[in-house]
Amino acid sequence: MTRTDHAQLAAQRILARINEVIVIGITLAALVGVMVGGESGKVVDAVVIVVLCIVPWLRVVWLVARWRRIGDMRFVVVGVTLLTLTVVGVALTTLAT
Amino acid sequence: MGDLGRDLVLVALAALTSGVGALGGIGGAVLLVPLLVVTGTPVAEASPLGLVSVIAASLAAASGHLRDGTVNHRAGVLSETAATSGAIAGALLVGIFSERVLTWCIAIVIVAAALMSGRRKGVRWHPDASLRESDVGERIGSIDGAYGFNGNVIPYRAKHVPFGVALMGVAGFVTGLAGVGGGFIKTPITSEVMHLPVKVAAATSTFTIGLTASVALAVTAFRGSIDVNAAALVVLGAITGASIGSRIQNKVSPPVVRRALSFILVAVAVALVTRS
């Protein structure tokens with residue numbers, strides 16, 4: 001029998017706040033990159049790309065850490081497997097090219 | 001068309017496709033890339049912009065989904081693990097089937113998924129008056145849960161999970177072979193095979209397609225084939241469109257989302273076949 005993760009919604013609302021700040025930051029940076037233009041603008045835009053590549057995975061790391069804290073080891077294993085597969089996949093694809 | 005005109009078209013297309021994508025949890029790249037190609041952008045430049053739009057839209061929609069408890073992270077991580085395994089195998093075996101054959105196979109699967117979603121009447125899961133807002137969330141150790149809609153709490157229980165996960169693996173394999181994202185297949189599998197509510201399936205798919213796209217974008221960035229200025233414009237459009245699309249998705253009833261998803265899926269199938 002499984003039980004409801006009652007604290008999840010409260011934890012997710014904090015994550016939602018953090019996500020909002022990140023989205024506003026990305027929007028402002030993209031806007032600055034477009035307005036400034038030239039090489040400086042390109043540097044700002046490149047930073048936006050790097051942030052876009054990293055942020056979705058920070059959420060998975062946060063989830064795995066949270067599941068570990070509440071003892072949901074089955075999904076800790078699933079989450080760690082996903083993170084490992086992704087690193088292996090990126091390494092294989094990069095090596096192949 | 002001048003530079004400003006081109007920039008405005010790029011922002012508008014990103015906003016439109018991300019809004020539609022957020023509504024059905026399928027991402028907007030599969031619509032944005034063909035539209036960019038039609039408006040004169042080379043495929044090699046359009047594809048990374050599609051990935052950028054998917055990630056930006058996924059992040060923009062996330063706050064609402066997290067706050068409402070519609071996203072099921074356990075289902076998302078489980079299905080993404082299967083899809084990633086399949087995608088790696090597919091990417092390593094690229095070339096064993098012709099792109100045309102793969103595209104037609106995917107298009108047929110999409111149309112079948114659209115018919116399954118569109119033909120089903122009513123809703124599978126109903127509000128439970130005994131549940132409170134604190135019951136919204138996932139079940140520990142499973143992908144069951146409950147979500148809130150219009151002040152009610154609606155519990156759900158996943159079915160055919162091993163079959164659904166296996167299908168995600170197959171979907172990952174085929175999309176890895178074809179070099180396309182799989183958001184348009186993930187939502188129907190989660191909703192119609194695993195029986196999660198369509199709003200939960202769409203929110204969960206929006207989360208996972210951001211993961212898939214970020215990996216693909218990182219690999220593309222290593223090769224240095226991204227127009228960062230155009231990407232910034234796409235970010236602005238995608239964030240605007242997805243914010244609106246996810247708000248609409250939160251407000252409308254599950255059957256409306258399902259029907260909208262069916263229409264979008266048919267459009268995606270047409271876009272894929274046209275692109276091939």
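Note on naming: letters A, B, ... go to the chains in the order of the sequence lines (proteins, then strands), and numbering restarts at 1 for each one.
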**OP:** Answer with side chain, backbone, both or neither: which region of B:Asp227 has an atom nearer than 4.5 Å to a non-hydrogen atom of chain A?
**Re:** neither

**OP:** Return yes if a side-chain donor-acceptor contact under 3.5 Å exists between B:Lys186 and B:Thr212, otherwise no.
**Re:** yes

Original post:
If you measure only the distance, is there a donor-acceptor pair under 3.5 Å linking the side chains of B:Thr70 and B:Asp68?
Top reply: no

**OP:** Could you have a look at A:Val44, A:Ile26, A:Ile49 and say which one has the most heavy-atom pairs with chain B under 4.5 angstrom?
**Re:** A:Ile49

Original post:
For chain A, which of B:Leu233, B:Asn229, B:Ile143 has the most heavy-atom pairs under 4.5 Å?
Top reply: B:Asn229

**OP:** Check each atom of A:Leu63 against the heavy atoms of chain B and say whether the ones under 4.5 Å are side chain, backbone, both or neither.
**Re:** side chain

Original post:
Can B:Asp135 and B:Arg132 be counted as an ion pair, charged N to O under 4.0 angstrom?
Top reply: no

Original post:
What part of B:Leu51 lies closer than 4.5 angstrom to a heavy atom of chain A: side chain, backbone, both or neither?
Top reply: neither

**OP:** Measure distances from B:Ile239 to the heavy atoms of chain A and classify the residue's part below 4.5 Å as side chain, backbone, both or neither.
**Re:** side chain

**OP:** Specify whether B:Tyr147 and B:Tyr156 have parallel, tilted or perpendicular ring planes, treating 30° as the upper limit for parallel and 60° as the lower limit for perpendicular.
**Re:** tilted

**OP:** Heavy-atom pairs under 4.5 Å with chain A are the metric here; pick the option from B:Ala231, B:Ser85, B:Gly64 that has the most.
**Re:** B:Ser85

**OP:** Heavy-atom pairs under 4.5 Å with chain B are the metric here; pick the option from A:Val64, A:Ile14, A:Leu31, A:Ile22 that has the most.
**Re:** A:Leu31

Original post:
What part of A:Val60 is in contact with chain B, defined as an atom under 4.5 angstrom from a non-hydrogen atom: side chain, backbone, both or neither?
Top reply: side chain

Original post:
Would you say B:Ser53's side chain and B:Gly50's backbone share a donor-acceptor pair under 3.5 angstrom?
Top reply: yes

Original post:
Is a side-chain donor or acceptor of A:Gln8 paired with a backbone partner of B:Glu138 at a separation under 3.5 angstrom?
Top reply: yes

Original post:
So which of A:Arg74, A:Met73, A:Glu20, A:Arg17 has the biggest tally of heavy-atom pairs under 4.5 Å with chain B?
Top reply: A:Glu20

Subject >> B:Leu59 backbone acceptor or donor facing A:Asn19 side chain under 3.5 Å >> reply: yes

**OP:** Identify which part of A:Val78 has an atom lying under 4.5 Å from any heavy atom of chain B, answering side chain, backbone, both or neither.
**Re:** both

Original post:
Does any N or O in the side chain of B:Asn72 come within less than 3.5 Å of the main-chain N or O of B:Arg74, such that one atom is a donor and the other an acceptor?
Top reply: yes

Subject >> Greatest number of heavy atom pairs closer than 4.5 Å to chain A - which of B:Val52, B:Ile88, B:Thr240, B:Val77 >> reply: B:Val77

Subject >> Listed partners of B:Glu133 passing salt bridge (charged side-chain N to carboxylate O under 4.0 Å, His left out), at least two apart >> reply: A:Arg13

Original post:
At a heavy-atom separation under 4.5 Å, does B:Leu66 approach chain A through its side chain, its backbone, both, or neither?
Top reply: both

Original post:
Does any heavy atom of chain A fall under 4.5 Å from the side chain of B:Val235, the backbone, both, or neither of them?
Top reply: side chain

